[in-house]
Asker: 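The structure is given below, and queries will be raised subsequently.
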Amino acid sequence: MEKIIVRGGNRLSGTVKVEGAKNAVLPVIAATLLASDGKSIIRDVPTLSDVFTINEVLRYLNAEVEFDNNTVIVNASRELREEAPFEYVRKMRASSLVMGPLLARNGRARVALPGGCAIGSRPIDQHLKGFEAMGATVKVGNGFVEAEAADGRLRGAKIYLDFPSVGATENIMMAATLATGTTVIENVAKEPEIVDLANFLNSMGAKVRGAGTGTIRIEGVEMLFGADHNIIPDRIEAGTFMVAAAITGGDVLIKGAVPEHSTSLIAKMEEMGVVFIEEAEGVRVLAPEKLKAVDIKTMPHPGFPTDMQAQMMALLLHANGTSVITETVFENRFMHVEEFRRMNAEIKIEGRSVIMNGPSNLQGAEVAATDLRAAAALILTGLVADGITRVTELKHLDRGYVSFHEKLAALGADIERITEVEEQQAEKFVTDLNA
Ligand SMILES: CC(=O)N[C@H]1[C@@H](OP(=O)(O)OP(=O)(O)OC[C@H]2O[C@@H](n3ccc(=O)[nH]c3=O)[C@H](O)[C@@H]2O)O[C@H](CO)[C@@H](O)[C@@H]1O
Ligand SMILES: C=C(OP(=O)(O)O)C(=O)O
């Protein structure tokens with residue numbers, strides 16, 4: 001088992017570069033399955049375990065996939081299989097994003113049900129509702145969802161989503177690209193990653209309009225082709241480094257950060273007293289002497305992103321006064337609260353809200369990451385806690401952050417990543433030295 005070990009107290013300064021967005025690259029790689037002719041070249045791809053997983057899913061489905069130098073090349077021109085098994089979907093829920101493309105290309109898809117995860121139950125009923133509206137028969141049984149289009153091809157439909165689900169918007173949008181007629185999806189997600197996916201689909205020959213607004217209109221085409229695409233920068237990784245700069249009293253230039261993708265986060269951090277300066281290469285973040293408490297409610301984009309909730313909790317624990325965070329997107333995304341308590345945080349949960357009385361007298365402890373963003377948040381807390389923090393369960397971190405500890409170390413953090421054996425050897429060395 002590996003651990004990240006942080007010794008708190010260092011101020012961060014310097015420059016850090018953000019990677020391509022995990023939540024953009026996963027649907028884009030799934031969308032490459034729609035091209036029955038030509039290769040797709042996807043650039044600025046982060047080296048994350050989730051990317052390896054989606055590539056494996058595509059290979060299983062009979063696509064050729066190469067991944068080298070932050071570039072994924074997919075040739076999906078051969079006949080595709082129809083099934084995404086549980087072993088992949090269990091590892092990563094976003095594997096279910098192959099369902100729309102497979103259904104569009106083959107007229108049939110069989111994908112293991114994702115099931116719940118640490119942050120909530122996460123059903124896919126809105127995805128299925130969309131496929132059904134487009135004429136597919138959907139059956140759920142034996143742990144799988146099976147969908148089949150009448151006469152082998154989906155048809156355009158009008159679909160209203162009960163909630164602006166990111167995954168449902170993406171899956172239905174991809175499915176509609178090869179349907180007969182026009183599909184109109186209302187109350188869709190407006191995240192920058194949706195716009196990135198629509199841009200990629202259009203460069204493949206699709207006719208998608210309205211991405212980034214509340215209504216998306218897709219005119220079906222006969223065939224799609226491989227295309228060349230650059231993934232947008234990761235606004236959540238950028239946001240995580242914004243918090244790292246602010247929590248340590250630092251001054252950090254985040255290269256590649258797009259301020260328009262992080263409006264709600266920047267606005268909240270400005271309320272806390274953090275200064276942002278837009279520069280040609282990215283965004284510079286300057287921490288104030290004292291951070292002010294604020295209240296936050298997570299919402300679909302352009303509201304405050306749930307994927308920044310845990311990191312912001314770390315920052316608010318360090319702020320002066322009472323803060324409240326209300327989580328409205330996922331029903332169970334507070335697993336990290338118990339871990340923060342292990343670090344002496346003054347924090348309590350009341351229903352869907354967390355109340356913090358800051359600044360907590362944070363102390364280093366051994367803590368376990370409960371999900372991807374919790375992993376980052378615990379490491380951020382370790383940067384200001386008194387003493388040593390050890391963070392375990394790093395498989396979560398590796399899903400969404402490339403070289404996180406190395407990037408923090410380059411900014412001045414006292415941080416390392418070691419195996420348990422290395423830790424034992426180091427402890428033995430100190431004991432022997434003192435003997
Ligand atoms: C790979 C990826 O891009 N993941 C992101 C995506 O996840 P994901 O696409 O899974 O998130 P959704 O927007 O679909 O889910 C949001 C909420 O809607 C509910 N829901 C969703 C679909 C459905 O059919 N029925 C239903 O009830 C979910 O349980 C959840 O409570 O958006 C989330 C919300 O911004 C982010 O936290 C994730 O990082
Ligand atoms: C929840 C997240 O991702 P996923 O939807 O892939 O679990 C995340 O990126 O914070």
Side-chain angles (χ1 to χ4, degrees), residues 19-31 46 48-51 53-54 57 88-100 111 113-133 138 140 145 159-174 185 187-197 231-232 234-240 261 264-265 298-312 327-333 335-336 352 369-377 395-401:
E19 313 280 327
K22 160 179 111 42
N23 288 350
V25 79
L26 299 176
V28 163
I29 292 179
L48 298 171
S49 61
D50 272 12
V51 171
T53 305
I54 194 85
V57 178
Y88 301 117
V89 185
R90 178 178 49 187
K91 253 197 224 165
M92 185 188 72
R93 293 179 43 84
S95 308
S96 59
L97 289 173
V98 299
M99 188 149 191
V111 173
L113 271 173
C117 75
I119 62 177
S121 72
R122 305 183 76 176
I124 55 164
D125 56 298
Q126 297 301 305
H127 306 224
L128 304 184
K129 167 173 135 172
F131 299 149
E132 278 176 331
V138 176
V140 180
V145 184
I159 300 155
Y160 175 85
L161 298 181
D162 296 343
F163 178 87
S165 152
V166 172
T169 303
E170 292 167 344
N171 236 339
I172 298 168
M173 187 160 84
M174 291 188 280
I185 328 171
N187 196 29
V188 292
K190 299 175 190 158
E191 271 71 357
E193 293 77 19
I194 303 282
V195 178
D196 202 37
L197 175 62
I231 294 294
I232 55 168
D234 195 315
R235 65 193 164 101
I236 306 300
E237 189 201 12
T240 305
H261 291 177
S264 55
L265 173 67
T298 66
M299 301 280 269
H301 193 78
F304 191 91
T306 173
D307 292 351
M308 280 303 302
Q309 181 249 101
Q311 303 90 309
M312 205 59 183
E327 172 62 55
T328 76
V329 178
F330 290 106
E331 75 270 16
N332 189 30
R333 206 171 191 178
M335 301 282 280
H336 39 278
R352 299 195 80 158
T370 48
D371 73 50
L372 158 57
R373 307 304 167 188
K395 62 176 188 290
H396 296 296
L397 184 75
D398 297 337
R399 287 191 49 219
Y401 292 91

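Numbering of ligands and ligand atoms starts at 1, following listing order. If you're wondering where the values come from, they're calculated on a predicted model, not measured in any experiment.
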Asker: Please determine whether a side-chain nitrogen of the Lys or Arg among R235 and E193 lies less than 4.0 Å from a carboxylate oxygen of the Asp or Glu.
Answerer: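 Salt bridge present between R235 and E193.
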
Asker: Out of the candidates T169, V166, N23, only one should pair with E191 under the side chain to side chain contact (heavy atoms under 4.5 Å, CB included) rule; please name it.
Answerer: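 One option only clears the test, and that one is V166.
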
Asker: Using distance alone, determine whether A168 and ligand 1 share an N or O pair under 3.5 Å.
Answerer: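 Among all N and O atoms of A168, none is under 3.5 Å from an N or O of ligand 1.
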
Asker: Could you pull out all residues at least two apart from D307 that satisfy salt bridge (Lys or Arg N to Asp or Glu O under 4.0 Å)?
Answerer: R333

Asker: Counting from 1, what ligand 1 atoms have a heavy atom of P123 closer than 4.0 Å?
Answerer: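 That gives atoms 20 (N), 21 (C), 22 (C), 23 (C), 24 (O), 25 (N), 26 (C), 27 (O), 29 (O) of ligand 1.
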
Asker: Using a threshold of 4.0 angstrom between heavy atoms of the protein and any atom of ligand 2, which residues qualify?
Answerer: K22, N23, I119, R122, D307, R333, L372, R373, R399

Asker: Whether K129 and D162 form a salt bridge (side-chain N of Lys/Arg under 4.0 Å from carboxylate O of Asp/Glu) is what I want to check.
Answerer: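 K129 and D162: salt-bridged.
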
Asker: With sequence neighbours left out, write down each residue that passes ring-ring contact (aromatic ring centres under 6.0 Å, His included) with F304, or none if nothing qualifies.
Answerer: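 Expected list: none.
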
Asker: Any N or O of R93 that comes nearer than 3.5 Å to an N or O of ligand 1?
Answerer: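 No, there is no polar N/O contact under 3.5 Å.
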
Asker: Polar-atom distance check: K22 versus ligand 1, any N or O pair below 3.5 Å?
Answerer: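 No - when backbone and side-chain N and O of K22 are compared with those of ligand 1, no distance drops under 3.5 Å.
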
Asker: Under 3.5 Å between some N or O of ligand 1 and some N or O of N23?
Answerer: yes

Asker: Indicate yes or no: does an N/O atom of R122 lie under 3.5 Å from an N/O atom of ligand 1?
Answerer: yes

Asker: Within a distance under 4.0 Å of any heavy atom of Q126, pick out the atoms of ligand 1 and give their elements.
Answerer: 23 (C), 24 (O), 25 (N)

Asker: Just by distance, with hydrogens left out, do T240 and Q311 show a side-chain donor and acceptor under 3.5 Å apart?
Answerer: yes

Asker: Please check whether T306 reaches ligand 1 - meaning an N/O of the residue sits under 3.5 Å from an N/O of the ligand, judged on distance alone.
Answerer: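 Checking ligand 1 against T306, no N or O pair falls under 3.5 Å apart.
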
Asker: Report yes if V166 has an N/O atom closer than 3.5 Å to an N/O atom of ligand 1; otherwise report no.
Answerer: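 For ligand 1, there is an N or O atom that lies under 3.5 Å from one belonging to V166.
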
Asker: Using the test side-chain contact (heavy atoms from CB on, under 4.5 Å), find all partners of S49 that sit at least two apart in sequence or belong to another chain.
Answerer: D398, R399

Asker: Just verifying a value: how many Å separate L265 CG and M308 CE, rounded to the nearest 0.5 Å?
Answerer: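 Atom-to-atom, L265:CG and M308:CE are 5.0 Å apart.
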
